[in-house]
Amino acid sequence: MDDAEGARVTALAESLMRRIAATGPLTVADYMAECLLHPDHGYYSTRDPFGVQGDFTTAPEISQMFGELAGLCLAGAWLDQGRPPAVTLAEPGPGRGTLMADILRATRGVPGFHDAVRVHLVEASATLRARQRETLARHEVSWADSLDDLPEAPLFLIANEFFDALPIRQFVRDPAGWRERVVGLVDGALGFGLAPPAPQAALAHRLADTRPGDIVEICPAAAPAMAAIAGRIARHGGAAVIVDYGGWHSLGDTLQALSRHGRADPLAAPGLADLTAHVDFEALARAAPGVAVGPLIPQGLWLERLGIKVRAQTLARGLTGAALDAHVAAHRRLTHPDEMGTLFKCLALHPIHTPLPPGFA
Ligand code: SAH
C-alpha cells in the first residue's frame, strides 16, 4: 500500500465512520456498495484490479479459451433460434473487456452473427469503462448503467463474476426472528454488530431449513437484474449464461475480501480490497420467471462439453517452453476440480421450448 492508497483508505473509512456516528450502523450491503463503487474511493472506481499485479484474476484473464468457448456457446444458441437479426450481445461487469474481445474474435467465422449483434456493456466504473474502450477499440460498443437500459430485442448475454460483486445483506436467525448483521463502530473502529430481531418477509422460505444462529444472505440487486435479463429473453428470445462461484440454496457467511491474491479482513481497508459473496443460484433462478432455466453445472464440465480439450491442443501446437507450461496450467486452472472447475458454476436461461444453450445439455 503506497501513501496515496493509505490516504484513500483513511478517507473512505473516516467518511463511513462519520456517517455511522451520525445516522447509525450500515447494512452489509450499504457497506459493500460504498467500498466497491463510491465515486472517489470505491474499489472498482479507482483501479483495474485484475491480473498478476492486481488482487485477483478471472477466467477470461487466465486464458483466451474461456471467452472463445463462451462465444461459441452464445453464437450456437443464436443459430439454434433461427439466426434472429438485430440482437443484443451483452455483458454486465465486463472488467477489462477481455471476455467480450475473445467472444467477438471467436465468432467472426459464424456467418451473419456479427452483422446481427449490437454489443452492450453494463459497467458501473468509469475507470473500467475506459479500459474496456481500449480493449474493444476495433468494435462498435455501447455502455449502459443498468441491465434495465438494454434494448427491447433478443438478448444473448454472459455474466462472469458479475453477481458476486453485487452487495448482499446478511441475517442471523434468532428465536424471535432475524437479526441483520450490520457494520457499526466498535471501540472507535469499524466492527460488525447485530440489529434487533425483526421479521423478514423475504426470508419466510428459509425458516424451514435454518436454525437459530444460522446466517442467510440475500442480494437485493440480483432480482431486478435477473428480471431485466429474463424479461427480454421471454419476450424476444435469446440466451443468458451466468458464471460465478457459489451454489444452490446457500447458507452461511460468504462475505470475503481479496487483496493481492489473498484473503483479507473485509473491514480492514474499505475501498482497497475486493469484496464479494457467493452467488445463490437458486435465488437467481427464482427471479427469472417466464423462461426456462437449465441445470446448474460446474464450469469445468461446461468448458469440456464445449470442446476445451481440442481447443487447448490446437493452441498448444504453436507453443514451447514457458509459454506452453503457462497454457497447460491455465487449462487445468479453468477446468480441474481442485481449481476453478467445480467451485465455479454455470447457469443458463433460454426461452421455453428452445434447446438448452451448447454445453448445458
Ligand atoms: N467479468 C469480468 C470482471 C468481473 S469483476 C471478468 O470476468 O474478468 C466485476 C465487474 O463488475 C467489474 O467490471 C465491476 O466494475 C463491475 N460491477 C460491479 N458492480 C457493478 C454494478 N452494480 N453494475 C455494473 N457493473 C458492476
Side-chain angles (χ1 to χ4, degrees), residues 29-39 41-71 74 89-104 119-136 141-150 157-168 219-226 228-229 240-246 256-259 261 271 273-279 299 302-303 330 333-334 340 343-346:
D30 287 340
Y31 175 75
M32 246 180 117
E34 292 289 328
C35 291
L36 293 180
L37 292 173
H38 183 286
H41 310 299
Y43 181 74
Y44 287 114
S45 317
T46 53
R47 73 197 58 225
D48 168 354
F50 308 98
V52 183
Q53 305 295 319
D55 292 313
F56 61 96
T57 190
T58 59
E61 301 298 334
I62 290 169
S63 167
Q64 68 186 70
M65 294 188 290
F66 183 83
E68 291 170 348
L69 295 169
L74 292 179
L89 175 61
E91 186 188 354
R96 284 177 169 174
T98 308
L99 173 54
M100 185 54 74
D102 291 338
I103 288 174
L104 290 169
V119 177
H120 289 263
L121 303 177
V122 178
E123 175 56 67
S125 154
T127 305
L128 287 173
R129 277 190 191 202
R131 181 70 206 243
Q132 293 150 19
R133 191 170 288 119
E134 275 173 35
T135 309
L136 294 162
V141 174
S142 307
W143 278 266
D145 291 328
S146 155
L147 287 156
D148 289 321
D149 301 332
L150 292 179
L157 174 142
I158 181 144
N160 184 58
E161 293 209 46
F162 168 68
F163 284 95
D164 70 35
L166 298 183
I168 50 140
C219 177
M226 290 303 292
I229 297 168
V241 175
I242 296 163
V243 185
D244 228 309
Y245 57 117
Q256 75 173 31
L258 270 186
S259 181
H261 297 267
D274 186 33
L275 292 182
T276 62
H278 284 202
V279 172
Q299 170 175 299
W302 183 58
L303 294 173
R333 196 148 170 216
L334 290 180
M340 299 170 80
L343 175 65
F344 280 73
K345 311 280 196 311
C346 308

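Counting starts at 1 for both ligands and their atoms, in listed order.
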Looking only at heavy atoms, is any part of [X] under 4.0 Å from ligand 1, and if so is it the side chain, the backbone, or both, or is it neither?
{"X": "Leu37", "answer": "side chain"}
{"X": "Glu91", "answer": "side chain"}
{"X": "Leu166", "answer": "side chain"}

Verdict with supporting geometry, Thr57 and Arg333, side-chain contact (heavy atoms from CB on, under 4.5 Å): CA-CA 11 Å; Thr57 190; Arg333 196 148 170 216; 3.3 Å; yes
Under 3.5 Å, is there a donor-acceptor pair between the side chain of [X] and the main chain of [Y]?
{"X": "Thr276", "Y": "Asp164", "value": "no"}
{"X": "Thr127", "Y": "Ser45", "value": "yes"}
{"X": "Asp244", "Y": "Val279", "value": "no"}

When only distance counts, is [X] in polar contact with ligand 1, meaning an N/O pair under 3.5 Å?
{"X": "Asp145", "result": "no"}
{"X": "Tyr44", "result": "no"}
{"X": "Gly95", "result": "yes"}
{"X": "Asn160", "result": "yes"}
{"X": "Gly93", "result": "yes"}

Can you name the atoms of ligand 1, numbered from 1 with element, that are less than 4.0 Å from a heavy atom of [X]?
{"X": "Glu161", "result": "4 (C), 5 (S), 9 (C)"}
{"X": "Leu128", "result": "12 (C), 13 (O), 15 (O)"}
{"X": "Phe50", "result": "3 (C), 5 (S)"}
{"X": "Pro60", "result": "6 (C), 7 (O), 8 (O)"}

Starting from [atom], what is the nearest protein heavy atom, named by residue and atom, and what distance separates them?
{"atom": "atom 18 (C) of ligand 1", "answer": "Ala165 CB, 4.0 Å"}
{"atom": "atom 17 (N) of ligand 1", "answer": "Glu123 OE2, 4.1 Å"}
{"atom": "atom 8 (O) of ligand 1", "answer": "Thr58 OG1, 2.5 Å"}

Results of side-chain contact (heavy atoms from CB on, under 4.5 Å) for Cys346 - residues two or more places apart only: Val243, Ile297, Gln299, Trp302, Phe360
Flag side-chain contact, heavy atom, 4.5 Å: Glu91 against Ile103: no
Residue pair Phe162 / Leu157, side-chain heavy-atom distance below 4.5 Å: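 Counting from C-beta outward, Phe162 and Leu157 never come under 4.5 Å.
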Worked verdict on Thr58 versus Thr98 for side-chain contact (heavy atoms from CB on, under 4.5 Å): CA-CA 10 Å; Thr58 59; Thr98 308; over 6 Å; no
Heavy-atom nearest option to atom 21 (C) of ligand 1, drawn from Ala124, Pro94, Ala159, Ala59: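 Closest candidate by heavy-atom distance is Ala124.
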Positive for side chain to side chain donor-acceptor pair (under 3.5 Å) with Glu123, one of Gln132, Arg129, Arg131: Gln132
Minimum-distance pair of heavy atoms, taken over all atoms of Leu36 and Ala165: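 Minimum heavy-atom contact is CD1-O, 3.2 Å.
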